[in-house]
Protein chains: 2
Amino acid sequence: MKNPPLDERKAYILATVVYEYVASAEPVASQTLTHKYHLGVSPATVRNEMAELEAGGYLVQPHTSAGRIPSDAGYRTFVDELMHPEGLTAAERRQIRDELRDARSELDDLIDQTTRLLGRLSNSLAFVTKPQAEMQVFKHIQLISIGPRTGVAIVVTSFGVSAQNLFELTSDVSAEDLTKLSSAMNQKFTGHMLSDVKESEIANLISELKLSEELRGAVTAAMQSARSSEAPAIAAAGAQNLLDQPEFRDARKLRSILRIVEEQRTLYDIVADAMDNDVASVKIGRELGSEELADLSVVTVPYRFGPRAIGMLSILGPRRMPYARLMALAAGTAKSLSQRIAEAEIK
Amino acid sequence: MKNPPLDERKAYILATVVYEYVASAEPVASQTLTHKYHLGVSPATVRNEMAELEAGGYLVQPHTSAGRIPSDAGYRTFVDELMHPEGLTAAERRQIRDELRDARSELDDLIDQTTRLLGRLSNSLAFVTKPQAEMQVFKHIQLISIGPRTGVAIVVTSFGVSAQNLFELTSDVSAEDLTKLSSAMNQKFTGHMLSDVKESEIANLISELKLSEELRGAVTAAMQSARSSEAPAIAAAGAQNLLDQPEFRDARKLRSILRIVEEQRTLYDIVADAMDNDVASVKIGRELGSEELADLSVVTVPYRFGPRAIGMLSILGPRRMPYARLMALAAGTAKSLSQRIAEAEIK
DNA sequence: CTTTGGCACTCCTGGCTACGGAGTGCTAAT
DNA sequence: ATTAGCACTCCGTAGCCAGGAGTGCCAAAG
């Protein structure tokens, strides 16, 4: 596993091997390359080059007398240095935009729709993290009295209603008191970042208004769940698409994937560090950090609310995936989603 | 496919074939039966009986010299007439109750949890329809002003917050007017069934208060989505469990299942008519109405809010499933879920 | 008339071998 | 440095055979 910089011909051969293997799912032979791509050299020369690429760790041979397939490192080099980035056609862009425009404006539904759309377009498994709300703007809180000792706290942010929490108290609270507290909070916090609404300030308001200390717990719980900080829920769609790929002929491979998707936690860990990136990031094979996922790759793009990333949109497929295409697709969808969210903002 | 009533011995043989096939996933031979179950007759006799059961349409033979497996009709007879109903042990009951008790009280989360639990316990794919809310009691509506022309309508029912709808108007409405309308509606409708809140009465209130006609649309839309009448969302979990079953060795079989689960609509059609039943209903193989699902079965049990069924909880697995066990599991879980929902009721 | 032992027959399964084909690595010539 | 040629390796498949499981039927027994 040395790492000499690749000369131009080696780079081209590596790229064509990736390209060809992605298309055919078969190990790529020297002759295939000379036939399909005009290399201007003989198969024997290509074999020599491929042997060196293998020594360098870019290619592997499934067995002695077979063609070559890319290794993790081979894909990595391809993605980072060799491939031509793709874009979407105007028609595709339009299609994405239109489908999202038709979606219902509820944020959760919008995320679901986006996930399905992306799963369909990529013909892979798509998953999208629900927005992290910390950076939303606080718009309104409303405490509603339901019974003498029960109530509902509703928090509205720039994304829409983002939390509703039932609470129960041990002593009676009047509807008027709840209204008073609601208005006080609205006056004080409206327009602030959600993360700037501090528990201590809520406590101050409550004691100023001479209300039950218990309310503090209820209100902060509601604010808490509006923020829903770590490991937010993840929507997934398109698992069935994976079954088209020859690498899933053996159904067992799918098992761990389905389990991981259902658990969500691992999924989130995989994409978490892509949040700060502003373009598509890719994790290839073992980079996913789990032996079970060793022959998969994930493309991730954050989506935004204004300037700030609030969630991520990912495509999971076999390592043998059309990287440039899927990166374009993810980026395009993220862009449309971001726009859609911006439009839906409550000003 | 005649249908003579089965004599006792035939019935017993059919039952043991089902039992044995469910356990082993292998066609059942005459000798297996005489060995494992004390029939008091020889294999040859059993063979004669099995031949007649095959003529009657209860059994089929995968190939000439193989044992028998049950047909749809065989399973159906088994489920309807032959099998001994099972119950859950006290420990299992307790486990279910405890796991649901720990669940968060948000209704959606509760449904999700229940689905996962059922998927885990049944080692199959579980799915649960979200409650149909028509029969909920209206508790409260709150119209909140967010901007001069935008607002949020929040409807609280006995299940908790069941709808939040953003609305936008073409002319300004004051926060006071919204509060006025909210109180008027609360006074008039609190305690009524959701289905009894008629659009015309809302319109009356609005004109009495001399408010914009536009509000009528906004409010009725919110009431509408609180009711969310037909084909409600469905939570699913445990698809990976199916991969343990030998019938899914071939991954293609899973494809259509995953697609159908994702679509939801077909899933809902399958279970819809089980709503009125008050015990577990079973659909076997072709009874599911789709060639794709021909080797699957579904067990469905409604869950309740008070006396009324509000949703269904189902287990989908290979036709070769332990019916009595899964019916007990589904029924037990439905019962616990119903109780949990009753407890969470907002009085 | 029902039951049963016996037996021939069918069909599946797994292992073995042979073989064609694809593709490489190496060597020697250009 | 490139390449033609060639021997070699390994995979995949087809064909074959033997073993085994299970049936259907017949004829004898209860």
Side-chain angles (χ1 to χ4, degrees), chain A residues 4 6-14 16-21 23-71 74 246-247 249-250, chain B residues 4 6-14 16-21 23-71 74 246-247 249-250:
Chain A
L6 298 174
D7 65 55
E8 201 174 333
R9 193 171 65 188
K10 279 202 183 59
Y12 185 62
I13 289 177
L14 174 54
T16 47
V17 168
V18 171
Y19 191 81
E20 198 43 38
Y21 183 60
S24 71
E26 300 288 332
V28 182
S30 53
Q31 200 177 182
T32 313
L33 294 189
T34 56
H35 265 163
K36 290 212 195 173
Y37 305 85
H38 29 289
L39 296 184
V41 294
S42 78
T45 310
V46 175
R47 279 204 289 283
N48 290 332
E49 294 284 52
M50 293 209 297
E52 286 183 52
L53 282 167
E54 183 170 359
Y58 298 102
L59 296 178
V60 293
Q61 221 175 357
H63 59 84
T64 327
S65 67
R68 302 307 208 287
I69 67 178
S71 66
E247 24 276 272
R249 269 299 153 76
D250 179 359
Chain B
L6 298 175
D7 65 55
E8 201 174 335
R9 194 170 64 187
K10 279 203 184 56
Y12 185 63
I13 288 177
L14 174 55
T16 47
V17 168
V18 171
Y19 192 81
E20 200 40 40
Y21 183 61
S24 72
E26 299 288 331
V28 182
S30 54
Q31 198 177 182
T32 314
L33 293 189
T34 57
H35 266 162
K36 290 212 197 175
Y37 306 85
H38 29 288
L39 295 185
V41 293
S42 77
T45 309
V46 175
R47 279 204 289 282
N48 289 333
E49 294 284 51
M50 294 208 296
E52 285 184 52
L53 282 167
E54 183 169 359
Y58 299 101
L59 297 178
V60 294
Q61 221 175 356
H63 58 85
T64 327
S65 68
R68 301 308 207 287
I69 67 178
S71 67
E247 23 276 271
R249 269 301 152 73
D250 180 358

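Note that the structure is a prediction, hence the values are computed from the model and not measured. Per chain, numbering begins at 1; letters A, B, ... match sequence-line order.
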Please list, one pair per line, the donor and acceptor atoms closer than 3.5 Å that link side chains of residues 60-68 of chain B to other protein atoms, with sequence neighbours excluded.
residue: B:Gln61; atom: NE2; partner: B:Thr64; partner atom: O; Å: 2.9
residue: B:Gln61; atom: NE2; partner: B:Ala66; partner atom: O; Å: 3.1
residue: B:Arg68; atom: NE; partner: B:Glu54; partner atom: OE1; Å: 2.8
residue: B:Arg68; atom: NH2; partner: B:Glu54; partner atom: OE1; Å: 2.9

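Per the geometry, CD belonging to A:Glu26 stands 17 Å off P belonging to C:dG21, to the nearest Å. When rounded to the nearest whole Å, the span between CD of B:Glu20 and C1' of D:dA21 equals 15 Å. Note: CG (A:Leu33) to P (C:dA22) measures 16 Å, nearest angstrom. Separating the CG atom of A:Leu39 from the C1' atom of D:dT3 is a distance of 14 Å, rounded to the nearest angstrom. Between A:Ile13 atom CD1 and D:dT2 atom P the separation is 10 Å, expressed in whole Å. A:His63 has its NE2 atom 5 Å from the C1' atom of D:dC11, to the nearest Å.
Residue B:Val41 is the one, among B:Val41 and B:Pro62, whose nearest nucleotide of DNA chain C lies closer to the 5' end (criterion: closest heavy atom).
Counting heavy atoms from C-beta outward, A:Pro43 and A:Val46 have side chains that stay 4.5 Å or more apart.
To the nearest 0.5 Å, atom OG1 of residue A:Thr45 and atom CG of residue A:Leu33 are 12.0 Å apart.
Environment of OH in B:Tyr21: crowded, with over 12 heavy atoms of neighbouring residues, nucleotides or ligands closer than 6.0 Å.
The phosphate of D:dT2 (OP1 or OP2) has no side-chain N or O of A:Thr45 nearer than 4.0 angstrom.
Heavy atoms only, all atoms of each residue included: B:Val28 and B:Val17 are closest at CG2-O, 3.7 Å. Of all non-hydrogen atoms in A:Val41 and A:Thr34, the two that sit nearest each other are O-CG2, 3.5 Å.
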Output one letter per nucleotide in nucleotides 22-30 of chain D: B when a protein non-hydrogen atom lies under 4.0 Å from the base, S when only the sugar-phosphate is that close, - when neither is. BBBB-----

